[in-house]
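Working notes, structure below.
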Amino acid sequence: MQLVGRIKRDLARDLPLKRLFQLTTIETMASALAADPLVNTRSDDIAAMFDVLNEVEFAHE
């Protein structure tokens, strides 16, 4: 839930919890978020997605 909340807060994107469990790597999550037609796919936006996902992943280690 924390990751879903951060994605919504930091990237202004909704990622349903069910979809989160279908995306098993940071790369697939970022690709799914970037594939959303509402997402601006500029490189800095994609980099921000990776940063958020990495932050949450490393927080649990």
Side-chain angles (χ1 to χ4, degrees):
M1 289 301 293
Q2 182 181 15
L3 177 57
V4 172
R6 286 186 181 193
I7 289 171
K8 186 171 185 141
R9 181 192 71 204
D10 296 344
L11 303 175
R13 301 289 171 253
D14 289 320
L15 181 66
L17 189 57
K18 180 179 178 179
R19 183 71 176 128
L20 175 66
F21 286 105
Q22 295 169 339
L23 303 169
T24 57
T25 66
I26 291 172
E27 183 179 7
T28 58
M29 284 184 223
S31 294
L33 291 168
D36 184 332
L38 298 176
V39 175
N40 184 341
T41 56
R42 296 179 317 194
S43 60
D44 56 332
D45 290 338
I46 294 171
M49 288 178 207
F50 276 116
D51 290 343
V52 169
L53 295 171
N54 277 322
E55 178 183 319
V56 172
E57 181 181 56
F58 290 122
H60 287 87
E61 291 184 354

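The analysis underlying the following values was restricted to heavy atoms, covering all of them including side chains, and did not include hydrogens, waters or symmetry mates. No experiment lies behind these values; they were computed from the predicted model shown.
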Which value, rounded to the nearest 0.5 Å, describes the distance between [X] atom [atom1] and [Y] atom [atom2]?
X     : Y     : atom1 : atom2 : answer
Gln22 : Leu15 : CD    : CG    : 9.5 Å
Lys8  : Leu3  : NZ    : CG    : 13.5 Å
Met29 : Leu53 : CE    : CG    : 6.0 Å
Gln2  : Ile7  : CD    : CD1   : 11.0 Å

Practice problem: Could I get the full list of side chain to side chain contact (heavy atoms under 4.5 Å, CB included) partners for Thr25, not counting sequence neighbours? | Solution: Glu27, Thr28
Self-check item: Those residues that, when tested against Asp10, pass side chain to side chain contact (heavy atoms under 4.5 Å, CB included) (two or more places apart)
Solution: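 Result, side chain to side chain contact (heavy atoms under 4.5 Å, CB included) vs Asp10: Arg6, Val52.
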